[in-house]
Amino acid sequence: MGATDAISGRVRTRAWSWLGASLAVTVLAVALVDLDVALLIVGPFAAAAPFVALWLVRDEAPDVRRPWLDAAIALVLGLVTQVLYAIAAAGVDVASGVGAGTSLLSYVFVIKALLTMDRLRGADGIVAGIAAATVALAALLVAWHVGIDADTSVAVMGESMTWLAMSLAAAVVMVRLVLTGLGSLVAMRLMAVALTCSVIAELIWFTDVVGFSSVRFELPALFYVVAVLTASAGIAHPSRAAIVSSATVSRGTSSLPVAGLVSGLVAVGVLGLGERSSTADVVISVLLGALVVVGIGIQIFVRDRVLRRINAQLELRLDYDHLTGLLNRNGIRRRLEVVLGAVRRDDQSAAVLFVDLDRFSVVNDGLGHDIGDEVLVAVGSRLGRVVGERHFVGRLGGDEFLVVLSDLDPEAADDLADRLLEACAAPVATSAGPLQISASAGILHIDRGTNLSLGEAIRSADLAMYRAKHDGRGRLATYGGELVDQVMRRLEVEQALRQQLEAGWPDLALHFQPIVGPVDGRIVGFEALARWDDPVLGRVTPDEFITVAEDAGLIDGLGRWAIDEALRVAALLRAHDGSDHLVVSVNVSGRQLGDAGFVDAVAACLDQ
C-alpha cells in the first residue's frame with residue numbers, strides 16, 4: 001500500500017504538468033498541420049482532461065474541493081454539450097436543444113465555482129454576482145443591436161448571444177478574483193486563460209452567426225479545446241489548495257442561487273428579444289437599470305457591514321487583553337468613564353477595586369513567564385466568574401487587575417471584594433504543579449453625585465491597595481483621608497531614601513549605645529544604631545525608614561553603609577585606647593540574612 005500511495009501522490013502532483021504538455025501538443029499541432037488534424041490529435045486529451053480533474057479533487061478538504069469540483073463538473077458538461085452538438089449536426093434535432101441546456105448548465109457551474117472562491121476569500125459572492133449579471137445583460141443589449149438585421153433565426157442568434165453573455169459574466173467574476181489577491185496562484189492564472197479562450201470562442205461564433213465573419217467550425221472548437229485543457233490544468237495544479245490557506249470561509253448563502261440568478265436574468269433577457277421588436281430594448285434596459293440600482297444598494301449594504309465588522313474587530317483588539325480575554329487598560333478606561341459619568345449625574349453609586357497579586361515576581365523569576373501567564377489567566381477567569389455580568393473586571397497590565405462595581409452599597413461591595421480575594425487565594429493548577437498565591441486589594445467607594453476623574457478613581461484605589469500590602473498582604477484596605485496621609489508619607493520617605501542612597505547617606509548617622517559588662521560594669525562594646533535627620537522630612541524614626549527600605553529594596557545599600565561606618569568607628573576606638581576587647585554590634589535586617597551574598601559582603605567590609 002505504501003508504494004501504491006507514493007505512486008498515486010506523484011501522479012497527483014505532476015498531473016498538471018501532463019495537462020500542460022497536452023497544451024504544447026495543441027500548439028505544435030496547429031503550427032504543423034491543419035485544424036482538422038489538430039483537433040483530431042488533441043481531441044482525446046480534451047475528452048480525458050475533465051475526468052482527470054474530477055479524480056484529482058475528489059479527496060481534497062471540503063473547503064478546497066467545493067469550487068474546483070464545480071469547475072470540473074462544468075468541464076464535463078461542456079464536453080457533453082460538444083458531443084450533443086455533434087449528434088445534432090448528424091441530423092438529430094433533439095440533441096441540439098439538450099445541448100443548449102447542458103451548455104447553459106455548464107456556465108452556471110463555472111460561475112458557481114468562481115463565486116464560491118469569492119466567498120472563500122471572506123466575501124458573500126452577491127456583489128460579484130450582481131456585477132456579472134449587469135455585464136451579461138449589457139452584452140446582450142449590445143449583441144442584440146449588432147445582430148438585429150442579421151439574416152439569422154432568433155433562436156440561433158439568441159443561443160449565441162446567451163453563451164457570449166454567460167462567458168463574459170464568468171470573466172467578470174474571474175477578474176474580481178484576480179484583482180483581489182488570487183491572481184498570484186498558478187491555478188487561477190490557468191483558469192483565467194481558459195475563460196479568455198472561452199470568451200474568444202463565443203465571440204467568434206457570434207460574429208459568424210450575425211454575418212460579420214465567415215469562419216470554419218473548427219476554429220472556435222479549437223479555442224474550446226484549449227479552454228478545457230487549460231481549465232483542467234488549473235484544477236489539477238497543486239496551488240488550488242491555497243485559495244483557502246489564509247481566507248476566512250464564509251458560511252452564508254450558497255453560491256448556487258446567485259449563479260442561478262445570473263443565468264436566469266440572461267435567459268429573461270434573451271426571451272425579451274421576441275421577434276426583433278423594440279420590446280427587447282425595454283426588457284433588457286429595465287433589467288439593467290434594476291441591476292444597477294440593486295448593485296449600488298448591495299455595495300452600500302456590504303460596505304456598511306464590512307465596516308461594522310472591521311470596527312468590531314478593532315474594538316476587540318483595542319479594548320481586550322490578548323492573554324486573559326479581560327478588558328485591557330484602554331477598555332477599562334472606556335467603561336469606567338461611563339460609570340463615573342452616571343455617578344456624576346446622581347444615577348448610581350460605584351466602587352473601584354484595585355487588585356494586585358502578592359510576590360508575583362517570585363513566580364515569574366523562579367518558574368518562568370509561561371507559568372506566570374498561566375497564573376494570570378486563572379486569576380482573571382476567577383475574578384470574572386465572581387464579578388458576573390453586572391460589573392466588569394479588567395487587567396491593567398502585569399499582575400494588576402481593576403474591578404468596577406456598579407450601584408452596590410459599601411457593605412455589599414466589601415463583601416464582594418472579600419470573595420474576590422478568597423478566589424485568588426485558592427491554589428492555581430499550572431503545568432509546574434499547584435501554586436498557592438494571594439492578592440492584596442484596595443477599594444474606593446464613590447457616592448452618588450461625586451465628581452471624580454478617571455485618573456483620581458484609579459489612583460485612589462491603587463493607594464488603598466498599597467496600604468493593604470503594607471499591612472501584611474492578602475487583605476483589603478479601604479481608601480480614606482487618613483490612608484492618603486499615610487501613603488503619601490510613605491512615598492515621601494521612600495523617595496528621600498533613594499536620594500540618600502545616591503548621595504552616600506549624608507544625612508544618616510550611627511549613634512553608639514554602650515554595652516556594659518554585667519560583673520564589673522565596664523564598657524565592653526557598643527551597639528550601632530542608625531538615626532536619620534532629614535532636612536525636609538525632619539527626624540524619621542528607624543521603625544519607619546527601615547520598614548520602607550525593606551519594602552523598596554533599599555535595605556542592602558543601607559545595611560552595607562551601616563556596617564562600613566561601624567567598622568570605621570570601631571577601628572578609631574581601638575586606635576584611641578589601644579584595646580582589642582571593645583566590640584561593635586550592628587543590627588541586620590532579616591532580608592539581609594536571607595541574601596546569599598550577605599556573608600561575602602560582610603567579609604569584603606572586614607578586609608577593607
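Just so you know, these numbers come straight off a predicted model, no measurement behind them. Hydrogens, waters and symmetry mates play no part in the numbers below; they use all other heavy atoms, side chains included.
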Checklist entry - Is a donor on one side and an acceptor on the other found under 3.5 Å between the side chain of Ser198 and the backbone of Ala194? => result no
Item to check | Contact check, side chains of Phe223 and Val199, non-hydrogen atoms, under 4.5 Å | outcome: no
Checklist entry - Going from CG on Leu77 to CG on Asp70, what distance comes out if it is rounded to the nearest 0.5 angstrom? => result 10.5 Å
Next on the checklist: Using modelled atom types and a 3.5 Å cut-off, is there a donor and acceptor pairing between side-chain atoms of Thr196 and backbone atoms of Ala192?
Outcome noted: yes
Next on the checklist: So which atom in Ala170 and which in Leu114 form the shortest heavy-atom distance, rounded to 0.1 Å?
Outcome noted: O-CD1, 3.3 Å
Item to check | Under 3.5 Å: donor-acceptor pair, side chain of Thr230, backbone of Val226 | outcome: yes
Item to check | pair Val339-Phe392: side-chain heavy atoms closer than 4.5 Å | outcome: yes
Checklist entry - With a 4.5 Å heavy-atom cut-off, do Trp68 and Met191 have their side chains touching? => result yes
Next on the checklist: Which residue is it: Leu396, Leu326, Leu327? I am looking for the one with a side-chain contact (heavy atoms from CB on, under 4.5 Å) to Phe401.
Outcome noted: Leu326
Checklist entry - Are any of the side-chain heavy atoms of Val172 and Leu168 separated by less than 4.5 Å? => result no
Checklist outcome for this item: Rounded to the nearest 0.5 angstrom, the CG-CD distance for Leu367 and Glu374 is 10.0 Å
Next on the checklist: Using modelled atom types and a 3.5 Å cut-off, is there a donor and acceptor pairing between side-chain atoms of Arg390 and backbone atoms of Asp407?
Outcome noted: yes
